[in-house]
Participant: 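Have a look at this one.
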Amino acid sequence: MADLERYSLPLAGESSIGSRTPLAEVAAGSTARPEGAYIHVPFCRHKCHYCDFYSFVDTQDRQEAFVARLEDELEHATDLGATVGSRLVTVFIGGGTPTLLRPPLLARMLAAVRRCLPLAPDADLEWTVEANPETVDAEIAAVLAAGGVNRVSLGAQSFDPQSLRALERDHRIESVAAALGHLREAGITNLNLDLIFGIPGSTLESWRGDLEAALALEPEHLSAYGLTYEPNTPLATKEARGEIEAVEEDLEASMYEDACNRLAAAGFERYEISNWARPGRACLHNLLYWRNRSWLAFGPSASGHLDGLRFKVVPRLGEWLDSKDPWPLSEWERLDEHGAFGEELMLGLRLTEGVDTAWLEDRLARCDAGGERRRALESALADGRLEQIGTRLRLTQRGTLLANTLLADLV
Amino acid sequence: MKIRNFSIIAHIDHGKSTLADRLLQATKAVSDREAREQLLDSMDLERERGITIKASAVTVNHEVDGERFQLNFIDTPGHVDFNYEVSRALSACEGAILVVDSTQGVQAQTVANAYLAIANDVELIPVVNKIDLPAADPDKVAMEIEQVLGLPAEDCIYVSAKTGRGIPELLEAICTRLPDPRPARTEHLRALIFDSIYDDYRGVIVYFRVFDGSIKTGDRIRMMGTGRTYPANELGRYTPRQQKVNQLGLAEVGYMVAGIKNLGDVRVGDTITLESNPAREPLPGYEEPRQMVFCDFYPSTGDGEGGRRADFESLREAVEKLHLNDASFTYQTQHSEALGFGFRCGFLGLLHMDIVQERLEREGGVEVVQTAPTVSYLVDLHEGATVEIHNPSELPDPSTILAIREPIVKLEIICPTDSIGDLMSLCDARRGIFRGQKFVSDGRQMLEYELPLAEIIYDFYDKLKSMTRGYGTMDYEIVEYRAADLAKVSILVNGNPVEALSLIAHRSNAELRSRAILARLKKQIDRHQFEIPLQAAIGTRVIARETIKAVRKNVTAKCYGGDVSRKRKLLEKQKEGKKRMKMVGSVNIPQEAFLAVLEQSE
């Protein structure tokens, strides 16, 4: 870790009022032109057992305080000059459950985004909001559409009641179709469904059922994530105690391969390890991540990236609300060239488009003193985890399932 | 003044220490105000575990019918891991009080202790204790004592050490029922060392009993076993306060400070005589301490090279310091491919091992990783020599071996009658030889078995406790080394033997044990990009096999909402983890895999 430059946050207090955080310094002088913005809304009606994003059930009704504080943060970013000369082509409001905000507050938040951030014209803008199917009714759908949102990502996760129970997921299966209906009626027609495979108790048959049910709803985009047992989640605890049993690795692999085959047959293209879209419908915001572009981040625990500088907003709502610093960050780091190259490989190889070989050679020449990365790449090419198509180097399907065996040697 | 030398022996928690305190109080050696709980046990650990680890001796006076008695109370370790030390302490006595809890009855340790006393020709006074408790059934317990140990029920004295009931009767019995010490057999000094402790300020304090002759302050003495000589700088006794004296005579008990720096220089059972006028023969019964159970200790935390070295140093310090206080365990530096630097230690028995481990952690302040215990083996070679080994890797080339001998114990179990069947199956499965069965009382029986020590150090006691719902007790004593059909089992990962995982097993259960080990290993080694066979083999013959399938899926699904740093750190962690693993051939074996095999017993 010696290769990365790391700062510690100045203690919150009088001294930081009016002064600029190191990020502000960097942002002000940065040549980065952010192309997107991520906004994190931490509220949930119920905490699902697999989730390790920052979210909680708010018992103090701090929705209004949240929106007011977010407005400050957005305005401040503009003041800082973080957005000078840039035009944002994506906005992604994630959570938590953004659609849990009461309609007037949701509208106010969307208006603030539009007011404060230099958004591209509507035709060039992808504006996504994440939603729990249960929270989307006609009113919410109308508020989203009126606010400028043109893409919604619904956490369907599974269409199997037993699997939903295993995840402690708090929605009814039929609410997914209903939510899609409300959104389409409101004019939002770029829709994603999130699915999770490898849920304890699931089988290849139940997973195929999930895929069919999702396809029947005709989304433009599908994400299929293998269930991850994140540390400190109830799910991981239950697994450690033996109360639930993770599905066999082989079954999980078969589920993934099944998804690849079935979705390809249905006309979806896999453009990233866990993401499929109809042609032209890949999520532009997520592509910013994988292509290592710059984006801003707002709201507690949100992560952003400005031309090599990675940063994170303070992770707790209370701390964030109370902070005297208008854009309170908890961590930031700028990797050296060697580290940054590792990250770019880690991100780029997740994409079906892979990485450019000329770029790769250039970087290897400069950032691979021990030859460790080249050896790892060559061995993956030799054993069929990597393939070269024209001037692009990318993971094969087998390599996709074993991505970490390669990426761990490249970071 | 007549002298009575005696000990108290009991099963754990039957009230030995409370009784000792009460006796001291009753003789006014300790005032009521001064009386504190369990005066003789000086270590926290001892009090917590309810056992006495190190002996000391206390002298008090008592009068019966106008006749004055000097009572020398010699404390004994409470467990037969310290069998030899107990037997030396008992041989310094003419009598012993056998304490049995009136709510618990005769237990395995009661029997083992009583046998040891009888073997040392010590007169027993059976005492039924805790008669103040509502659940007490003293008559039944007295019958058990008669039934199992052959001591007449009517000889039992009923006592409550807590309330003091029966204490005067017991004191009187000590004076009147125990025999006089034997007369001198030579005029030369012969004194038996029955204990020694290390004092930070005065060095080693030696406890002894004079059998012949006498010793004066300033005498130059010689230890007949080790041949070392020392000046007897200070003599004294504990009353229980320390009291210096100028001379200790026939049959008396006391301590000596003689400028001895190292506890290892003093051997329990050795005979003290005068350098100027030595006895010709030492007192009988001296033996070298013998370590029967072995395990490795490694520092438990040790991320990074620097951290590991620092921790090993603090472990070394703790081990060396503890050894000053307990010379009966041995230690030598050990380097494991998997666990780094540590110590291989030898112990008198399993309890001794637990105590050392706890004291290292508590007094030494180091956390240790302890490997599964093994026993010592004697290997007879064709060329006539015998070597002792404590580690499978020390086993000589099989073609040179005539026989491998292992320690055998005599085991006593006292248990509820309804668990006899289960326990007999357990003993059979552990290569036990049935030696006898005795009626204890309604609903309780005693079983006697001979078993290899190696078979009881593997979770035998836990199984016994669960089979008897906690009511069963056991005790054992090592009787001999016996040849058995033992072999070294090698563990091979992807065809490469991993020496740190090898074991010595009996051929009859080598397969079963190997399979359990391979199953554990399989859980701990990550899938690789190729299939990995795990094998257990005796020589070239494979006796068990498992396969770790090739990895099919190892990919992070999520993008963590753009938290790229987090994702990178996860991968870096994976990479770091791989670096810390032990490469065997082309397989990465994590430290946890070694521990899973070495730490667990079954």
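Naming convention: chains lettered A, B, ... in sequence-line order (proteins, then strands); numbering from 1 in each chain. Worth knowing before you read on, the calculation uses all heavy atoms, side chains too, and leaves out hydrogens, waters and symmetry mates.
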Participant: Could you tell me whether B:Phe312 and B:Phe341 have their ring centroids closer than 6.0 angstrom?
Facilitator: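 Yes: the rings meet the under 6.0 Å criterion.
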
Participant: Would you mind checking which part of A:Ile196 comes under 4.5 Å of any heavy atom in chain B, side chain (CB onward), backbone (N, CA, C, O), both or neither?
Facilitator: neither

Participant: If we define contacts as heavy-atom pairs under 4.5 Å, which of A:Ser301, A:Ala253, A:Gly342, A:Ala403 has the most with chain B?
Facilitator: A:Ala253

Participant: Tell me which of these, A:Ser254, A:Ala302, A:Ala224, A:Gly304, has more heavy-atom pairs under 4.5 Å with chain B than the rest.
Facilitator: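 The candidate making the most pairs under 4.5 Å is A:Ser254.
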
Participant: Aromatic rings A:Tyr271 and A:His221: how do their planes relate, parallel, tilted or perpendicular, breaks at 30° and 60°?
Facilitator: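 Correct class here is perpendicular.
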
Participant: Provide the full list of salt bridge (Lys or Arg N to Asp or Glu O under 4.0 Å) pairs with a residue in residues 288-301 of chain A, sequence neighbours left out, each pair given once.
Facilitator: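 Listed once each, the pairs are A:Glu35-A:Arg293, A:Arg291-A:Glu353.
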
Participant: Using a 4.5 angstrom heavy-atom cutoff, name the option from A:Leu402, A:Asp409, A:Leu407, A:Ile273 with the most pairs to chain B.
Facilitator: A:Leu402

Participant: By a 4.5 Å heavy-atom criterion (distance strictly below it), what part of A:Phe197 contacts chain B: side chain, backbone, both, or neither?
Facilitator: side chain

Participant: Taking all heavy atoms of A:Ser223 and all of A:Asp194, pick out the closest pair and write down the distance.
Facilitator: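 So the two residues come closest at CB-OD1, 3.2 Å.
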
Participant: So does B:Asp418 pair up with B:Arg469, basic N to acidic O under 4.0 Å?
Facilitator: yes

Participant: With a 4.5 angstrom heavy-atom cut-off, is it the side chain or the backbone of A:Asp383 that approaches chain B, or both, or neither?
Facilitator: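 It is the side chain, since no backbone atom gets that close.
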
Participant: Among A:Asn275, A:Leu227, A:Leu401, which residue has the highest count of heavy-atom pairs closer than 4.5 Å to chain B?
Facilitator: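 Max contact count across the listed options: A:Leu401.
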
Participant: Could you tell me which of B:Glu576, B:Lys573, B:His528, B:Arg527 has the largest number of non-hydrogen atom pairs under 4.5 Å with chain A?
Facilitator: B:Arg527

Participant: Identify, with sequence neighbours excluded, every residue that meets side-chain hydrogen bond (donor to acceptor under 3.5 Å, both in side chains) alongside A:Ser153.
Facilitator: A:Asn192

Participant: Can you say whether A:Glu248 sits under 4.5 Å from chain B via the side chain, the backbone, both, or neither, judging by heavy atoms?
Facilitator: side chain

Participant: Based on non-hydrogen pairs under 4.5 Å, which of A:His305, A:His285, A:Arg310, A:His40 is most in contact with chain B?
Facilitator: A:Arg310

Participant: With side-chain hydrogen bond (donor to acceptor under 3.5 Å, both in side chains) as the test, would you mind laying out the steps for A:Tyr50 and A:Gln157 before giving the verdict?
Facilitator: CA-CA 11 Å; A:Tyr50 58 94; A:Gln157 321 308 8; 3.2 Å; yes

